[in-house]
Amino acid sequence: MLDKTFNPTEAEPRLYKKWEDSGAFQPKMDTSLEAYSIVIPPPNVTGNLHMGHAVNNTIQDILIRFERMRGKDVLWQPGADHAGIATQMVVERKLATEGKARKEMGREEFLSHVWDWKKESGGNITQQLRRLGASCDWSREKFTLGNPEDPSDKMAEAVTKAFVEMYNDGLIYRDKRLVNWDPHFQSAISDLEVETKTVNGHYWHLRYPLADGVSYAHPIMDEDGNVTGHETRDYLVVATSRPETMLGDTCVAVHPDDERYTDLVGKEIILPIVNRRIPIIADEYPDPEKGSGAVKITPAHDFNDYEVGKRAGHTPISILNEKAEILPLEGIPQDLHGLPVKRARKNVVAYFERAGLLNHVEDLQIEQPVGDRSGVIIEPLLTDQWFVDTEKMAADAMDAVEDGRTEFFPANWKKTYDHWMNNIQPWCISRQLWWGHQIPAWYGPSISKDPISSMNHYYDFDNPIIFCAATEEELHKNAFEYYSNIKMPDGTPAIGGGTNIVPDRATAIKYCNDPDGAGMYYIQLYRDPDVLDTWFSSGLWPFSTMGWPEQTPELERFYPGSVLVTAFDIIFFWVARMMMQGLHFMGDVPFKQVYIHALVLDEQGKKMSKSIGNTIDPLDLIDGIDIEGLVEKRTRGLKNPDKAPQVAKATRKAYPDGFEAFGADALRFTLAAMAGMGRDIKLSVERIAGYRNFGTKLWSAANFGQMNACQPQADFDPASVDLALNKWIISETVKTSAEVTRCLEAYRFNDAADAAYKFAWDTFCAWYLELSKPILSGEDAGQKSETQATFAWVLDQILKLLHPFMPFITEELWGKIGEGRDEMLILTAWPDLSDSLIQEAASADIDWLQTLIGNIRSVRADMNIPPSKKAPLLMLADKLDPRLAAYAEQLSPMARVEHVELADTAPRGALQTVVDGVTYAIPLEGLIDLGEERARLAKEIEKIEAEIAKIDKKLSNPNFTDKAPPNVVQIQHDRKTAFVEEKLKLEEALGDIA
RNA sequence: GGGCGGUUAGCUCAGCUGGUAGAGCAUCUCGUUUACACCGAGAGGGUCAGCGGUUCGAACCCGUUACCGCCCACCA
């Protein structure tokens with residue numbers, strides 16, 4: 001006897017440990033097997049498991065377990081991402097609560113804090129993945145930043161090598177360009193990290209006075225746009241949503257074809273406040289239809305203006321520092337110095353107003369760029385940064401998808417991918433942060449201004465590197481030949497990087513381990529202080545995790561990966577970059593297929609977000625949580641704490657009892673069953689409960705098997721069974737396993753889950769189990785043992801088919817059922833059953849039996865016959881169907897049939913039903929109201945007539961009979977024949993009563 | 001402004017190659033038997049968003065409209 005139900009809280013950790021300890025997650029590295037590999041989308045070390053991870057990893061684990069059971073040599077490569085900005089932010093915040101500031105403690109100390117923090121809580125997410133059942137090979141766990149304590153770890157070396165090679169190939173360059181600057185982090189960020197937010201804003205229409213007494217006639221228009229007159233103006237009106245940037249204007253631009261301003265091109269205006277003379281230029285950029293048609297140009301603080309300024313040959317004037325405060329430049333009034341943008345704006349507008357130069361203010365919605373992490377307004381800023389020239393790489397990456405080397409599922413995502421690749425911009429890869437791969441470029445003062453790059457010293461952050469040698473010649477050799485020789489395009493130093501530092505002889509002596517230092521040559525180099533964009537190293541993930549740049553057996557065997565499983569929101573961030581870098585460094589795509597899965601939304605269809613308070617923690621569904629705990633969790637992270645009562649109320653209403661401990665299997669099955677292609681998942685807790693019940697159902701069926709001695713037989717041959725019932729269930733098993741296999745191969749997880757569910761619950765539990773009861777408790781030993789063996793075999797197949805979805809409960813049952821079976825389910829072979837096992841004749845018998853039982857149940861229920869009332873079953877025919885006798889033992893409990901006999905006509909007061917053209921009567925004199933039975937029959941007939949009418953309409957249409965394929969027409973003929981026959985029988989039955 | 005997706009039972013969603021509209025939950029009725037009440041049996045419930053087209057035949061293909069959601073985009 002098994003326990004009453006499966007106890008996930010107890011069993012799941014135990015089973016997981018058993019798998020992991022046994023090495024079941026590790027690839028065999030057996031070259032005779034087909035390789036199958038997936039690299040995990042590395043979760044942020046800062047992260048905790050959320051619903052997105054849960055779907056993502058459930059799907060990967062389903063595929064991995066499926067392919068592992070199919071006998072492939074499987075690698076699921078796990079690891080975590082250092083997540084530069086996110087992690088630095090988290091640790092900085094934590095230190096702030098201890099009263100410590102990052103900048104005060106310095107780089108080295110800060111980083112040691114981050115590493116400490118990573119050691120402490122960086123393992124959370126991987127532990128949580130284990131709770132889900134993820135069968136990754138943890139012995140190969142990697143971290144995008146590498147492991148400084150493990151000399152064999154190549155993750156950091158891979159990044160350096162990638163950077164150096166791309167530099168040498170001209171794909172990485174350093175440039176002073178306008179970049180998206182996040183004033184909170186005081187770092188550049190990439191285009192992708194900028195979000196646009198629509199806010200209520202204004203356009204300020206400013207008057208710029210024309211210099212040298214120039215004036216012009218400005219047309220006055222009526223409402224319809226007709227010119228009604230002219231007004232003499234000695235100023236130009238420009239509209240802007242950023243008035244404070246006027247401090248950095250270098251010109252005003254008008255369209256060359258704009259006749260209003262033709263005469264003004266080449267003239268100058270006096271820029272108010274700073275009293276600078278700037279020209280009026282002609283450029284294609286301004287749209288005469290918009291605003292006044294004249295545009296103020298601030299090249300240093302606007303992407304469009306930058307281009308206009310460049311065309312006009314103007315030097316951009318930066319007016320903001322890295323905190324987005326006004327720089328103390330000459331010409332800018334003292335009282336603006338150091339003001340943050342918002343306050344500066346107010347003051348600038350006030351200046352214009354006082355000077356009578358504020359034409360008017362227009363209210364409207366404007367698009368504001370904000371940092372996706374910091375949430376602050378992004379300022380375009382002119383800085384020195386490292387860039388990747390993405391154009392060629394993007395073209396290669398697009399070709400690879402175009403020619404099918406990499407395939408998207410669902411295929412629509414190719415469009416999104418192509419669109420982005422087609423519009424790709426240079427990728428800014430430097431970040432002014434500390435947590436990350438420090439850029440492997442050094443700026444040297446004495447010997448050369450060129451930076452050189454190193455394959456070593458990744459973690460030598462603040463200190464200069466000092467090269468020492470006894471001779472100058474040797475020094476050159478050490479410093480330049482040893483390292484890859486990076487040439488700077490213009491020799492400009494990094495932001496904040498040391499340059500032209502006088503070598504410190506004492507330090508050199510210390511480093512060179514030469515107490516005397518006499519006759520020593522040395523140079524001192526400073527490393528670029530910036531780090532690389534996290535996604536630069538994530539882009540290498542598919543091969544860096546496998547040991548690249550070394551040519552390892554893993555790389556040989558598991559690159560390219562079989563499939564990448566991810567949500568669409570990181571197609572650009574990650575998928576695109578892996579494609580580009582994989583193709584560049586490996587000469588091949590990083591994965592053959594990309595499966596893009598749905599996003600998990602809350603039950604209202606909104607994105608889950610801590611700041612809104614609508615998240616559901618997957619672990620709470622696994623372990624359970626009471627309502628108080630849930631409310632506390634949801635209100636804790638709110639962006640707007642005032643909303644707490646509202647969130648609490650909504651939470652209590654939605655989940656008055658919190659969550660039960662559904663277990664990982666139920667959650668996984670739900671996610672799989674809801675993961676239809678190309679659609680979002682609105683998570684339903686009710687469905688999780690339903691699939692938990694499914695687990696219990698399975699458990700209970702196994703218990704039934706145990707009670708009836710249904711032990712798996714190692715030598716069981718499904719082709720050898722005699723009973724139709726067993727032939728039928730074996731046939732159904734074959735069909736289902738083929739269906740589940742087909743669906744999994746096509747990433748149709750919901751269909752695969754459905755097919756397995758229906759088979760296990762409806763076919764096996766509801767029918768086979770019930771139909772087998774009389775045999776299992778019967779006298780015929782041969783039939784009994786055959787059925788016991790068949791039962792056990794089918795249950796084993798069910799456990800296998802369900803294992804990828806519900807690994808824990810299936811493994812537990814597998815162990816409990818098969819005493820002495822030493823192989824774990826995770827490593828058994830996937831059902832690969834021959835079609836020859838499908839026996840249609842046996843199936844037809846059982847189909848008939850199911851229909852008969854169904855009809856009897858239905859008519860009895862319709863007429864409110866209590867199940868306790870058994871009745872005979874009369875077959876109205878000349879000869880008794882032998883199947884009635886054969887299945888009498890099943891008909892008795894399932895259809896409440898007392899006994900079976902032959903009759904000429906239905907006795908008065910009998911229910912009648914038709915199966916396969918034969919009328920059956922159930923005499924229930926006195927228990928049924930004849931009027932009601934008449935009405936019931938009449939209704940049945942009516943339904944059939946409607947069907948017949950529909951079919952007739954088709955068949956009488958010559959277009960249909962002529963043009964439709966013959967088999968389709970035949971089906972309709974057959975259906976009609978069956979309906980007509982049934983109708984006749986029912987009419988006879990009705991006649992009997994009347 | 002460009003692109004993508006959605007609209008099917010009260011709710012949440014399936015519906016693969018165009019050929020008899022399905023499931024779970026909820027609702028209603030009834031619960032006997034050697035697994036299971038986290039259960040069993042049965043029932044009701046549909047203008048497949050609207051309009052037009054292609055087709056012998058459309059939930060499905062094409063066009064269009066409406067509403068909802070998402071992504072991308074430099075409109076001063």
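In what follows, every chain begins at residue 1, and chains take the letters A, B, ... in the order their sequences are listed.
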| said: Determine whether a donor-acceptor pair (one donor, one acceptor, N or O, separation below 3.5 Å) exists between the side chain of Glu770(A) and the base of A41(B). | reply: no
| field | Complementary nucleotide of G44(B), counting Watson-Crick and G-U pairs under 3.5 Å | value | none
| task | Look through every strand shown and name the nucleotide pairing with C60(B) as Watson-Crick or G-U wobble, where both distances are under 3.5 Å. | result | none
| field | A21(B) versus C48(B) - spacing of their C1' atoms, nearest Å | value | 8 Å
| field | Touch class at under 4.0 angstrom, heavy-atom based, for Ile865(A) against every strand present | value | nothing
| said: Using the C1' atom as the point on both nucleotides, what is the distance between U65(B) and G22(B), in whole Å? | reply: 29 Å
| task | Return the orientation label for the Phe764(A) and Phe759(A) ring planes: parallel under 30°, perpendicular over 60°, tilted otherwise. | result | tilted
| task | Determine the contact category for Pro958(A): base if any of its heavy atoms lies under 4.0 Å from a base atom, sugar-phosphate if only primed atoms, P, OP1 or OP2 are that close, otherwise nothing. | result | nothing
| Which nucleotide in the set G19(B), G40(B), G15(B) lies at the smallest distance from any side-chain heavy atom of Phe960(A)? | G19(B)
| task | Measure from CH2 on Trp761(A) to P on C39(B) and round the result to the nearest Å. | result | 5 Å
| query | What nucleotide among G42(B), C13(B), C72(B) has an atom nearest to a side-chain atom of Ala861(A)? | reply | G42(B)
| Tell me: CD of Gln972(A) to P of G19(B), nearest whole Å? | 12 Å
| query | With both distances kept under 3.5 Å, what pairs with U54(B), Watson-Crick or G-U wobble? | reply | none
| query | Contact class for Trp204(A) (heavy atom, under 4.0 Å): base, sugar-phosphate, or nothing? | reply | nothing
| query | Glu367(A) near the nucleic acid: base, sugar-phosphate alone, or nothing, with a heavy-atom cut-off under 4.0 Å? | reply | base
| In terms of the angle between their ring planes, are Phe694(A) and Trp761(A) parallel, tilted or perpendicular, with boundaries placed at 30° and 60°? | parallel
| request: Answer with base, sugar-phosphate or nothing: what part of the nucleic acid does Pro866(A) contact at a heavy-atom distance below 4.0 Å? | output: nothing
| G-U wobble or Watson-Crick pairing nucleotide for G22(B) (cut-off 3.5 Å, both distances) | C13(B)
| task | With heavy atoms under 4.0 Å as the rule, sort Lys415(A) into base, sugar-phosphate or nothing. | result | sugar-phosphate
| Ile681(A) CD1 - G24(B) P separation (whole Å) | 20 Å
| request: Mind checking Phe694(A) for me? I need base, sugar-phosphate or nothing, with any heavy atom below 4.0 Å counting as a touch. | output: nothing
| request: Decide yes or no, distance alone: a donor-acceptor N/O pair under 3.5 angstrom between the base of C11(B) and the side-chain of Arg687(A). | output: no
| request: Indicate yes or no: at least one non-hydrogen side-chain atom of Val594(A) is less than 4.5 angstrom from one of Phe409(A). | output: no
| request: Test Tyr691(A) against every option in Tyr757(A), Phe805(A), Phe662(A) by the ring-ring contact (aromatic ring centres under 6.0 Å, His included) rule and name the one that passes. | output: Tyr757(A)
| said: Under 4.0 Å, heavy atoms only, any strand: does Arg857(A) hit a base, just the sugar-phosphate, or nothing? | reply: sugar-phosphate
| said: Strictly by Watson-Crick or wobble contacts shorter than 3.5 Å, is anything paired with A73(B), and which nucleotide is it? | reply: none
| message | With a 3.5 Å limit on both atom pairs, tell me what A66(B) is paired to, counting Watson-Crick and G-U wobble, or say none. | response | U7(B)
| message | Under 4.0 Å, counting only non-hydrogen atoms across every strand here, what does Glu660(A) touch: a base, just sugar-phosphate, or nothing? | response | nothing
| At under 4.0 Å between heavy atoms, what does Thr416(A) touch on the DNA or RNA strands: base, sugar-phosphate, or nothing? | nothing
| request: Using a heavy-atom cut-off of under 4.0 Å over every strand shown, decide if Asn864(A) touches base, sugar-phosphate, or nothing. | output: sugar-phosphate
| query | How far does the C1' atom of G15(B) sit from the matching atom of A58(B), given to the nearest Å? | reply | 14 Å
| field | Nearest-nucleotide pick for Lys607(A), side chain only, options being C71(B), G40(B), A35(B) | value | C71(B)
| message | Roughly how many Å apart are U7(B) and C13(B), using the C1' atom of each and rounding to a whole number? | response | 12 Å
| Nearest-angstrom distance, P atom, A59(B) to G50(B) | 11 Å
| request: Please work out if Arg860(A) contacts a base, only the sugar-phosphate, or nothing of the nucleic acid, heavy-atom cut-off 4.0 Å. | output: nothing
| task | Check the angle between the aromatic planes of His205(A) and His360(A) and answer parallel, tilted or perpendicular using the 30° and 60° thresholds. | result | parallel
| field | Complement of U33(B), any strand, by Watson-Crick or G-U distances under 3.5 angstrom | value | none
| Heavy atoms under 4.0 Å, any strand shown: does Arg936(A) hit a base, just sugar-phosphate, or nothing? | nothing
| said: Regarding Asn412(A), tell me which of base, sugar-phosphate or nothing describes its non-hydrogen contacts under 4.0 Å with the strands shown. | reply: sugar-phosphate
